[in-house]
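Okay, structure first, notes after.
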Amino acid sequence: MKTRHSIAVIAMALMATTSGMAYGQEAGKAIKIVLPEQPANLEPCGTIITNVGQILSQNVTEALTVIDAATGLPQPKLATEWARTDDMTWRIKLRPGVKFQDGTAMDAKAVAFSIKRMTGGALTCNNMAKFGDRKLEATPVDDLTLDIRSDRPEPILPTLLSVVMVVSPNTPVDKPVNDPVGTGPFKLASFDTQTVTMDRFDGYWGEKPEIEKATYVWRSESSIRAAMVETGEADLTPSIATQDATNPETDFSYLNSETTAMRIDMSKPPLDDLRVRKALNLAIDWDGLKALFGVDVKRASQMVVPGINGHDDSLQAWEYDPDKAAELVAEAKAAGVPVDTEIVLIGRNGIYPNGGEAMEAMAAMWQAAGLNVKLTMLDVADWIRYLQKPYPEERGATLLQMMHDNNKGDAAFTIPIFYRSTGQYSTVSDPALDAEIDKALAATGEDRMKAFKAIFTKARTDVVSDIPMFHMIGYTRVGKRLDWKPDITTNSEIPLAHIRIRD
């Protein structure tokens with residue numbers, strides 16, 4: 001029996017190696033990328049969702065600006081320059097000579113169309129979450145100039161424009177698409193339940209990429225993704241678990257811009273009680289949980305990573321105090337709070353390595369504190385119904401597993417989303433806090449930073465609508481035939497034009 005087993009293992013290894021050799025021999029300037037999960041769609045208005053952005057952003061679709069990963073400042077892309085003409089209005093100059101992949105000219109009318117499509121309300125647009133409840137109106141001035149006016153002062157509009165994916169004016173305005181047409185260096189060739197493929201777009205306005213074809217596949221198991229790259233069956237996987245990052249020649253760790261967290265639906269009992277929400281934070285063995293994410297992750301006290309304008313280095317993360325957690329639950333129960341009500345913990349398959357294991361551990365810790373927590377794991381298409389408004393009417397008390405990406409340099413991409421009453425992911429309803437947030441968003445310089453810090457402090461101590469977990473370290477495996485390394489933006493995008501094939 002032992003001999004048979006050994007022969008089977010050797011045969012499987014040979015098959016994997018042979019498959020990898022065949023792929024490597026035939027690949028040429030085509031690459032294969034293996035993702036943790038299948039995208040729900042390929043809608044350009046959803047590129048803030050990791051598995052959509054890693055495929056589309058800067059490949060098929062482009063924005064008016066891009067954010068410099070080192071400085072957090074906006075840089076030209078489809079826009080070449082911008083200036084503020086009054087408190088509410090920015091004038092944008094567009095790059096000349098750019099065409100969409102369907103041959104249509106990229107001009108001021110096309111950009112105005114994309115902004116209206118994003119903000120008009122006929123389409124559920126995930127990227128709009130970054131704008132909160134702002135109202136935008138884009139008006140062409142001439143072919144390559146447009147004015148963008150907001151309903152309140154927006155001093156960082158050029159930064160916000162980095163999430164506005166510009167699409168062909170032939171795109172439907174009232175439904176998500178799976179055949180996006182943008183201005184990027186690659187055009188979509190196919191999308192089905194097994195793969196996404198794209199080909200180099202020879203009419204691209206910029207530098208011609210070295211890569212000619214890219215294929216995306218998805219596998220939920222980190223070990224499988226790592227093995228596919230190791231054997232040459234794939235060239236790159238952007239996310240593997242810490243326990244699989246074992247090869248210093250191919251595996252790279254990097255501080256990404258993600259913060260893992262749980263959102264508390266504080267509109268539903270027993271989660272509408274502050275004592276219960278504090279207990280949820282105190283009941284977690286944070287040092288023990290950290291083992292699932294790698295020794296380099298940093299405990300989070302707020303929903304932005306260090307270096308983002310508004311991050312407060314002095315704000316302390318919640319400590320592990322199971323006795324205090326149980327005491328708060330018992331105190332709430334004695335006061336008539338229905339702490340025995342079932343709380344559904346909603347996890348997302350493939351959200352990050354070891355994510356399912358983390359949810360199982362946290363559910364057990366909350367149960368030990370005296371709360372009735374039940375775990376359910378969903379695929380992204382079902383999970384997203386609970387992430388953004390309008391939330392399912394039939395939901396009860398819920399905790400939602402999240403990972404929030406802010407690599408844009410400013411807390412404006414975080415605070416209004418989670419803490420303003422109108423925020424796309426918010427369960428908070430506090431007019432006084434809304435006014436404080438609006439004042440912070442209109443501020444600049446030192447005043448802006450101080451105002452954001454004060455809001456994060458209030459969110460941590462008074463509101464407690466979330467459970468910040470960790471600022472994440474990403475682990476990526478890159479095949480030896482590629483010359484490319486991850487950076488802080490990798491969880492949002494993998495620009496194929498930046499990848500080179502080694503000689």
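Side-chain atoms are counted along with the backbone in the values below, which use heavy atoms only and exclude waters and symmetry mates.
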Taking only distance into account, with no hydrogens and no angle test, what donor-acceptor pairs under 3.5 Å do side-chain atoms of residues 165-185 form with protein atoms, sequence neighbours excluded?
| from | atom 1 | to | atom 2 | distance (Å) |
| --- | --- | --- | --- | --- |
| S168 | OG | D102 | OD2 | 2.6 |
| S168 | OG | N170 | N | 3.1 |
| S168 | OG | N170 | ND2 | 3.4 |
| N170 | ND2 | D102 | OD2 | 2.9 |
| N170 | ND2 | T104 | OG1 | 3.3 |
| T171 | OG1 | S168 | O | 2.7 |
| N178 | OD1 | L42 | N | 3.0 |
| T183 | OG1 | E62 | OE1 | 2.7 |

Problem - E137: partners by side-chain contact (heavy atoms from CB on, under 4.5 Å), with sequence neighbours left out - result: T139
Fill in the blank from the handout: Applying side-chain contact (heavy atoms from CB on, under 4.5 Å) to N126 and not counting sequence neighbours gives I48, I49, I384, Q388
Problem - Side chains of N406 and H404, donor plus acceptor under 3.5 Å - result: no
Problem - Qualifying salt bridge (Lys or Arg N to Asp or Glu O under 4.0 Å) pairs with a residue from residues 415-427, counting only residues at least two apart or across chains - result: D133-R420, R420-D438
Completion exercise
side-chain contact (heavy atoms from CB on, under 4.5 Å) filter on K389, not counting sequence neighbours, yields Y391, S426
Handout entry: Nearest non-hydrogen partners of H311 and V304, listed with the distance
Key = CD2-O, 3.0 Å
Handout entry: Option passing side chain to side chain contact (heavy atoms under 4.5 Å, CB included) with I148 (candidates L161, V111, T89)
Key = L161
Handout entry: Sequence-distant partners of Q316, side-chain contact (heavy atoms from CB on, under 4.5 Å), two or more places apart
Key = none
Problem - Ion pair check, D251 and R477, cut-off under 4.0 Å - result: yes
Problem - Under-4.0 Å salt bridge between R91 and E81 - result: no
Problem - R117 bridged to E43 by N-O distance under 4.0 Å - result: yes
Handout entry: Pair R149 + D86, salt bridge at N-O below 4.0 Å
Key = yes
Practice task
Answer yes when D199 and K213 have at least one side-chain N-carboxylate O distance shorter than 4.0 Å, and no when they do not.
Solution key: yes
